[in-house]
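To start, the structure itself, in C-alpha cells.
Being a predicted model, the structure only gives us computed values, none of them experimental. Order of appearance sets the numbers: ligands from 1, and atoms from 1 within every ligand.
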Amino acid sequence: MANINRTTGKALRAHVAGAGFAGLTAAIALRQNGWDVTLHEKDSELRAFGAGIYLWHNGLRVLEGIDALNDVLHGTHTPPAYETWMHNKSVSKETFNGLPWRIMTRSHLHNALVKRAHAVGVTVRTNSEAVSAEADGRLTLQSGEVLEADLIVGADGVGSKVRDSLGFKQDRWVSTDGIIRLIVPRMKDKLGDEAEWDNTIDMWNLEPRVQRILYSPCNKEELYLGLMAPAADPRGSKVPLDLEVWVEMFPFLEPCLAEAAKLEAARYDKYATTKLDSWVKGKVALVGDSAHAMCPALAQGAGCAMVNAFSLAQDLAEQSSVEDALVSWERRIRPLTDHTQALSGEYAANRSLSKGNMFTNEALEAARYDPIKRVYSWPQNQ
Ligand SMILES: Cc1cc2nc3c(=O)[nH]c(=O)nc-3n(C[C@H](O)[C@H](O)[C@H](O)COP(=O)(O)OP(=O)(O)OC[C@H]3O[C@@H](n4cnc5c(N)ncnc54)[C@H](O)[C@@H]3O)c2cc1C
C-alpha cells in the first residue's frame with residue numbers, strides 16, 4: 001500500500017491507544033513504514049508496570065526489525081540454563097538448543113522502545129485516554145475529542161476500552177494461581193553454594209503447600225523474583241511479602257527475600273486470559289493483551305504482542321486497503337498466538353512446568369518464529 005491517503009494526499013494516519021510493549025511496537029513499525037502516527041497513553045508519563053520480562057528469539061527479532069535491538073541487549077542477561085527444581089532438588093536443565101532468549105527489567109525494555117518511538121518521529125500524547133473507537137476509523141478520547149484516521153490500533157491492555165466499545169464476542173477468565181513480581185539486588189555473594197546463581201531457577205514446592213519462586217537474573221545488579229502462590233492462600237498471596245512463609249520454603253534465598261519484603265508497593269496479580277471472536281473491525285485492529293491476554297507459563301504474552309504489532313505494519317505495507325490488510329493480518333498471524341495462548345493456559349492450569357523439561361518444540365513454537373523472514377528459523381539447520 002502506498003503510505004498516502006488518496007483523498008487527502010497526506011501520509012496515512014494512525015492513532016494507537018496504549019503505550020505498552022504492543023502499542024509502542026505498532027507505533028514504531030508503522031512510523032518506519034511512512035505512517036503519520038500518534039500514540040495515546042492514558043497515564044501522565046510513559047512507564048512500564050511489573051518487574052522483569054523474558055524475551056525470546058521472536059521478540060528479539062522484532063527488536064531487530066524496529067532497530068532497537070542493540071539498545072535493548074546492553075544490560076540484559078541470558079542465563080546459561082533454565083533449571084527446574086522440585087522441593088529444592090534439580091529435576092532438569094534446559095538450554096533450548098541455543099535458541100536466543102534474554103531476561104531484562106521491564107523498564108529497560110520500555111525505555112528502549114520509548115527512545116526508538118521518539119527517534120522515528122512518533123507523536124506521543126500522555127494524559128490521553130481512549131474511551132471508544134468506531135469501525136470507520138474514529139477514536140474518541142476521554143476529553144471528548146474525536147479523532148479520525150486511516151487506522152486505529154487498540155493496544156490498551158487487558159481492560160481495553162477500545163475493544164469493549166466495539167462489541168466483540170469475548171471470553172475472559174482469570175487463574176486461580178497468581179504471582180508477586182519484584183526486582184531486588186542480585187546479592188550473588190550472599191547466597192550459598194547450592195546453585196549456579198546465573199541460571200534461571202524455577203523453584204517449585206507442591207507440598208506441604210503450593211509455592212513457587214521463579215528466580216531470574218536480569219543483569220549484574222538486578223534480580224527478578226516471581227513468587228507464585230494460589231489466590232486461596234492468604235499468606236502466600238499477601239503483599240508486602242510474608243517473609244516467614246517464603247523463607248521457610250526457600251531458606252537459601254533469605255537475603256533476596258528480605259529485600260523483597262521491604263517493597264511496600266508489591267502487588268499480587270492473577271493471570272488474565274482473553275479470547276475474542278475477531279481482532280479486527282473495519283479500520284480498527286487490536287494488538288497485545290487487549291486481543292489475547294494469556295497466562296505467563298510460556299512467557300510469550302509480550303513476545304506475541306510485539307510480533308503481531310510488527311506483522312500488522314508488514315501486512316499494511318502490502319495490501320491496497322486497510323480493511324483488507326487487517327483481515328489478512330489476523331488470518332496470517334493469529335493461529336500461532338491462539339496456539340501459544342492455549343498451551344500456556346494448559347501449562348498454568350496443570351502447573352506443568354513443575355515437571356521440568358517442558359520447553360518442548362511445541363512449547364517453543366512462538367519463540368522459534370522469525371517475524372522478519374516469516375519462517376520458523378530455529379534451530380538454524382532446520
Ligand atoms: C505474571 C506475568 C508475567 C509475564 N511474563 C512475561 C514474560 O516473561 N514475557 C512475555 O513476553 N510476556 C510476559 N507476560 C505478558 C506481558 O506482560 C503482556 O502480554 C504485555 O505486557 C502486554 O502488553 P500490552 O502493551 O498489550 O499491554 P499493557 O502492558 O497493559 O499496556 C497497555 C498500555 O495502555 C495504557 N492504557 C490502558 N488503557 C488505556 C486507554 N483507554 N487509553 C490509552 N492508554 C491506555 C496503559 O496505561 C499501558 O501503558 C507476563 C504477564 C504476567 C501477568
Side-chain angles (χ1 to χ4, degrees), residues 15-27 38-60 62-63 76 82 101-107 109-110 113-114 124-133 139-143 147 152-165 174-175 177-182 200 202 212 214 216 218 224-228 267-274 279 286-309 337 340-341 344 348 366-367:
H15 286 289
V16 180
F21 301 129
L24 280 160
T25 306
T38 305
L39 179 60
H40 301 265
E41 169 55 48
K42 74 169 181 182
D43 283 342
S44 56
E45 53 182 318
L46 300 187
R47 63 193 164 100
F49 292 91
I53 189 155
Y54 287 61
L55 275 195
W56 302 80
H57 165 253
N58 56 333
L60 297 170
V62 170
L63 292 174
T76 66
Y82 186 114
W101 60 299
R102 291 265 171 169
I103 308 174
M104 61 202 76
T105 65
R106 285 184 178 243
S107 56
L109 176 60
H110 197 262
L113 291 174
V114 169
V124 177
R125 281 176 64 173
T126 50
N127 289 317
S128 187
E129 180 175 357
V131 289
S132 64
L139 183 71
T140 302
L141 304 179
Q142 180 66 36
S143 62
L147 303 163
I152 304 293
V153 178
D156 48 341
V158 70
S160 172
K161 292 194 171 169
V162 171
R163 175 196 62 214
D164 292 349
S165 71
V174 290
S175 58
D177 289 340
I179 192 162
I180 303 164
R181 292 172 284 171
L182 309 145
T200 277
D202 195 358
R212 168 197 182 194
L214 183 62
S216 314
C218 290
Y224 165 34
L225 291 179
L227 290 81
M228 192 203 91
R267 280 185 0 192
Y268 174 85
D269 294 308
K270 293 202 264 180
Y271 325 132
T273 299
T274 305
W279 293 353
L286 303 176
V287 292
D289 278 6
S290 64
H292 54 71
M294 64 176 79
C295 288
L298 297 177
Q300 271 296 344
C304 286
M306 290 166 67
V307 165
N308 297 343
T337 299
T340 308
Q341 183 188 47
S344 213

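Ligand 1 lies out of reach of Asp269, whose nearest heavy atom is not under 4.0 Å from it. Contact annotation: Ala155 has at least one heavy atom less than 4.0 Å from an atom of ligand 1. Not a single heavy atom of Gln142 sits less than 4.0 Å from an atom of ligand 1. Residue Gly159 places every heavy atom at 4.0 Å or more from ligand 1.
Listed by atom number, the atoms of ligand 1 under 4.0 Å from Gly20 heavy atoms are 25 (O), 31 (O), 33 (C), 49 (O). Of all atoms in ligand 1, numbered sequentially from 1 with element shown, those under 4.0 Å from a heavy atom of Ala22 are 24 (P), 25 (O), 26 (O).
Under the side chain to side chain contact (heavy atoms under 4.5 Å, CB included) test applied with Val131, the options Thr140, Asp164, Leu141 reduce to a single match, Thr140.
Residue Lys161 places no N or O, backbone or side chain, under 3.5 Å from any N or O of ligand 1. For ligand 1, the polar-atom distance check against Gly303 finds a nitrogen or oxygen pair separated by under 3.5 Å. In terms of polar-atom proximity, Phe49 is not counted as a contact of ligand 1, lacking any N or O under 3.5 Å from an N or O of the ligand.
Ring-plane geometry between Trp56 and Trp101 is classed as parallel, the angle between the planes falling under 30 degrees on a 0 to 90 degree scale with a further cut at 60.
The nearest heavy-atom contact from the protein to atom 39 (C) of ligand 1 is Asp156 CB, 3.4 Å. In terms of protein heavy-atom proximity, atom 48 (C) of ligand 1 is nearest to Glu41 OE1, 3.5 Å.
A salt bridge does not link Asp156 to Lys161: none of the charged side-chain nitrogens sits closer than 4.0 Å to a carboxylate oxygen.
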